[in-house]
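For reference, the structure is listed below as structure tokens.
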Amino acid sequence: MTHAISKVLSPNDTGETGAHQAGILVPKDSEILGFFPTLPADVKNPRMHLYFRDDEGAQWEFAFIYYNNRFFGGTRNEYRLTRMTPYINGNGLKAGDELILERHPGGARTVTFRRSRAPVVEEGVLRLGSGWKIVAA
DNA sequence: AGCCATGCACCG
DNA sequence: CGGTGCATGGCT
């Protein structure tokens with residue numbers, strides 16, 4: 001039961017917009033969240049480091065964080081996968097490219113990507129949906 | 001809901 | 001001092 005999900009990168013995800021944080025937003029969809037370990041909701045901003053292996057066998061460390069300060073006086077309530085700068089830059093990923101995450105039987109996680117064709121541009125602005133897909137459950 | 005942006009801390 | 005990541009708020 002390999003569980004695979006993917007996301008089409010946004011400009012902000014890759015750092016192209018100047019945001020000094022490369023990382024992607026994870027939708028609160030049970031199928032997607034099910035891919036990641038469960039983070040405690042009673043703690044503020046719980047995080048967990050995850051290791052992913054790429055095609056060459058190299059290991060990458062990403063951080064899965066639940067920014068939930070909404071329940072602690074703030075305004076946030078969202079999940080993010082950060083610390084992806086080395087992987088993004090190392091592979092020269094750009095907006096529109098697809099990041100693929102897989103969890104294999106036994107618990108091993110792997111990352112891959114698929115280079116994209118031209119992203120959808122409308123009125124000079126990039127319009128994307130959430131970009132997330134469930135490849136296999 | 002999802003993407004964009006930023007002040008500040010930390011580190012080489 | 002420049003790059004990176006944290007945490008947080010803003011905009012659409």
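Protein chains get the first letters and strands the later ones, always in sequence-line order, with residue 1 at the start of each. Atoms considered below: every heavy atom in the structure, side chains included; atoms not considered: hydrogens, waters and symmetry mates.
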Considering just the side-chain nitrogens and oxygens of [X], establish if one lies under 4.0 Å of OP1 or OP2 belonging to [N].
X: Lys44(A); N: dC6(C); answer: no
X: Asn68(A); N: dA7(C); answer: no
X: Thr82(A); N: dC6(C); answer: yes
X: Asn69(A); N: dG9(C); answer: yes
X: Ser10(A); N: dC4(B); answer: yes

Rounded distance in Å - [atom1] ([X]) to [atom2] ([N]):
X: Phe71(A); N: dT8(C); atom1: CZ; atom2: P; value: 14 Å
X: Phe64(A); N: dG5(C); atom1: CZ; atom2: C1'; value: 17 Å
X: Phe62(A); N: dC6(C); atom1: CZ; atom2: C1'; value: 17 Å
X: Glu78(A); N: dC11(C); atom1: CD; atom2: P; value: 15 Å
X: Arg76(A); N: dA1(B); atom1: CZ; atom2: C1'; value: 11 Å
X: Tyr67(A); N: dC6(C); atom1: OH; atom2: C1'; value: 5 Å
X: Arg83(A); N: dG3(C); atom1: CZ; atom2: P; value: 19 Å
X: Leu81(A); N: dC6(C); atom1: CG; atom2: P; value: 10 Å

Donor-acceptor pair under 3.5 Å, [X] side chain vs [N] base:
X: His20(A); N: dG7(B); value: yes
X: Arg80(A); N: dG2(B); value: no
X: Arg70(A); N: dT8(C); value: no

Practice problem: Dump the intermediate steps for side-chain hydrogen bond (donor to acceptor under 3.5 Å, both in side chains) on Thr2(A) and Glu102(A), then the final yes or no. | Solution: CA-CA 7 Å; Thr2(A) 291; Glu102(A) 285 180 281; 5.5 Å; no

Quiz item: Pick one: which of Phe72(A), Tyr79(A), Phe36(A) meets ring-ring contact (aromatic ring centres under 6.0 Å, His included) with Tyr66(A)?
Solution: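 Single pass found, and it is Tyr79(A).
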
Quiz prompt | Asp54(A) (side chain) donor-acceptor with Gly57(A) (main chain) under 3.5 angstrom | solution =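 The answer is yes, because a donor-acceptor pair under 3.5 Å joins these two groups.
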
Exercise. Assign each of Gly73(A) and Asn89(A) to its nearest nucleotide of DNA chain C by heavy atoms, then name whichever residue's nucleotide is nearer the 5' end.
Key: Asn89(A)

Self-check item: Closest listed nucleotide, where the reference is the side chain of Thr75(A) and the choices are dG9(C), dC6(C), dG5(C)
Solution: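 Given the options dG9(C), dC6(C), dG5(C), the side chain of Thr75(A) is closest to dG9(C).
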
Practice problem: Taking only the side-chain heavy atoms of Leu25(A) (C-beta and beyond), determine which of dG9(C), dG2(B), dC6(C) contains the nearest atom. | Solution: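 Selected nucleotide: dG2(B).
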
Self-check item: Stepwise side chain to side chain contact (heavy atoms under 4.5 Å, CB included) test for Asp29(A) and Phe35(A)
Solution: CA-CA 10 Å; Asp29(A) 178 311; Phe35(A) 176 88; over 6 Å; no

Exercise. Name the nucleic acid region contacted by Asn12(A), choosing base, sugar-phosphate or nothing; use a 4.0 angstrom heavy-atom cut-off, strictly under.
Key: base

Practice problem: Describe, in one word, how the ring planes of Phe62(A) and Tyr87(A) are oriented to each other, choosing from parallel (under 30°), tilted (30 to 60°) and perpendicular (over 60°). | Solution: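 Answer is perpendicular, since the angle exceeds 60°.
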
